[in-house]
Every structure is written in structure tokens, then in C-alpha cells.
**Q** 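Sharing a structure here in C-alpha cells format.
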Amino acid sequence: SLRRPMQVQARIEFATLAAARYGLRSTDLAKSIQKHPTSVARWISRGLRMQSEELSFRMRIDKLDRLISSSARNNT
């Protein structure tokens with residue numbers, strides 16, 4: 001099945017946030033979301049490149065981080 005660009009972008013952002021900011025290993029992340037480790041590693045690699053090159057990507061990651069952090073605080 002073809003993946004929509006928005007879905008692919010969301011996966012890249014989520015995986016980059018999980019690895020770069022929360023320190024999750026790609027293999028652990030892949031197992032937890034039931035995706036192939038090579039795919040997750042590829043998302044992270046692409047995300048790290050985008051993070052260094054694109055302000056808009058960094059801003060989306062920051063927003064996602066705030067939303068997750070806020071949700072975690074509200075559920076404790």
C-alpha cells in the first residue's frame with residue numbers, strides 16, 4: 001500500500017523525537033510500535049538530517065515534544 005506523505009512525515013518526526021530527545025534505541029522503538037528495525041532506523045536517520053537542515057522540522061519536533069510532555073504531566 002502507498003503511504004501518504006503526512007503519515008510518513010509523522011513517523012519520521014515521532015521516531016526522531018523518541019531517539020534524539022528521549023534516548024530510545026531504534027530497535028526498542030521498532031519493537032514497541034511493531035515496525036521493522038531497519039525502517040525505524042531509516043526514519044531516524046532522515047529525521048536527524050532534517051532536524052539539522054530545516055527550521056520547520058525542528059519547530060514541529062518541539063511542538064510534538066511539548067504535547068507529549070504536557071499529556072504525560074496531566075496523566076500522572
**Q** Could you point out which residue of Leu48, Thr16, Leu29, Ile12 forms a side-chain contact (heavy atoms from CB on, under 4.5 Å) with Trp43?
**A**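 Only one of Leu48, Thr16, Leu29, Ile12 forms a side-chain contact (heavy atoms from CB on, under 4.5 Å) with Trp43, namely Ile12.
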**Q** Considering residues at least two apart in sequence or located in another chain, which fulfil the salt bridge (Lys or Arg N to Asp or Glu O under 4.0 Å) criterion with Arg21?
**A**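 Once residues adjacent in sequence are excluded, the partners of Arg21 under the salt bridge (Lys or Arg N to Asp or Glu O under 4.0 Å) criterion are Asp62, Asp65.
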**Q** What are the two closest heavy atoms between Phe14 and Ile33, and how far apart are they?
**A**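 Closest approach of Phe14 to Ile33: CE2-CG2, 4.2 Å.
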**Q** Measure the spacing between CG of Leu17 and CG of Leu64 and express it to the nearest 0.5 Å.
**A**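 With rounding to 0.5 Å, CG (Leu17) is 5.0 Å from CG (Leu64).
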**Q** Checking Ala41 now: which residues fulfil side-chain contact (heavy atoms from CB on, under 4.5 Å) with it, not counting sequence neighbours?
**A**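 side-chain contact (heavy atoms from CB on, under 4.5 Å) list for Ala41, sorted by chain: Ser26.
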**Q** Can you sort out the partners of Ser52 under side-chain contact (heavy atoms from CB on, under 4.5 Å), two or more places apart, ordered by chain and number?
**A**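 Counting only residues at least two positions away or on another chain, Ser52 forms no side-chain contact (heavy atoms from CB on, under 4.5 Å).
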**Q** Can you run down the salt bridge (Lys or Arg N to Asp or Glu O under 4.0 Å) pairs that involve residues 43-57, sequence neighbours left out, and say none if there aren't any?
**A**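 Non-adjacent pairs meeting salt bridge (Lys or Arg N to Asp or Glu O under 4.0 Å): zero.
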**Q** Using the rule given for side chain to side chain contact (heavy atoms under 4.5 Å, CB included), can you reason through His36 versus Val40, listing the C-alpha separation, both sets of side-chain angles and the distance that settles it, and then say yes or no?
**A** CA-CA 7 Å; His36 196 280; Val40 175; over 6 Å; no
**Q** Taking side-chain contact (heavy atoms from CB on, under 4.5 Å) as the test, write out the residues that go with Leu24, two or more places apart.
**A**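 Here the qualifying residues are Ala18, Tyr22.
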**Q** Just verifying a value: how many Å separate Gln9 CD and Met6 CE, rounded to the nearest 0.5 Å?
**A**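 Between Gln9 CD and Met6 CE, I get 9.5 Å after rounding to 0.5 Å.
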**Q** With sequence neighbours excluded, what pairs up with Leu67 under the side-chain contact (heavy atoms from CB on, under 4.5 Å) test?
**A**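 Testing Leu67 for side-chain contact (heavy atoms from CB on, under 4.5 Å), a comparison that skips the adjacent residues, returns Lys63.
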**Q** With sequence neighbours left out, write down each residue that passes side-chain hydrogen bond (donor to acceptor under 3.5 Å, both in side chains) with Ser45, or none if nothing qualifies.
**A**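 So Ser45 forms no side-chain hydrogen bond (donor to acceptor under 3.5 Å, both in side chains) with any residue.
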**Q** Sequence neighbours excluded, which residues qualify as salt bridge (Lys or Arg N to Asp or Glu O under 4.0 Å) partners of Arg60?
**A**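 Here the qualifying residues are Glu13.
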**Q** Test of understanding: with side-chain hydrogen bond (donor to acceptor under 3.5 Å, both in side chains), list the residues that count as partners of Thr27, not counting sequence neighbours.
**A**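 Once residues adjacent in sequence are excluded, the partners of Thr27 under the side-chain hydrogen bond (donor to acceptor under 3.5 Å, both in side chains) criterion are Arg25.
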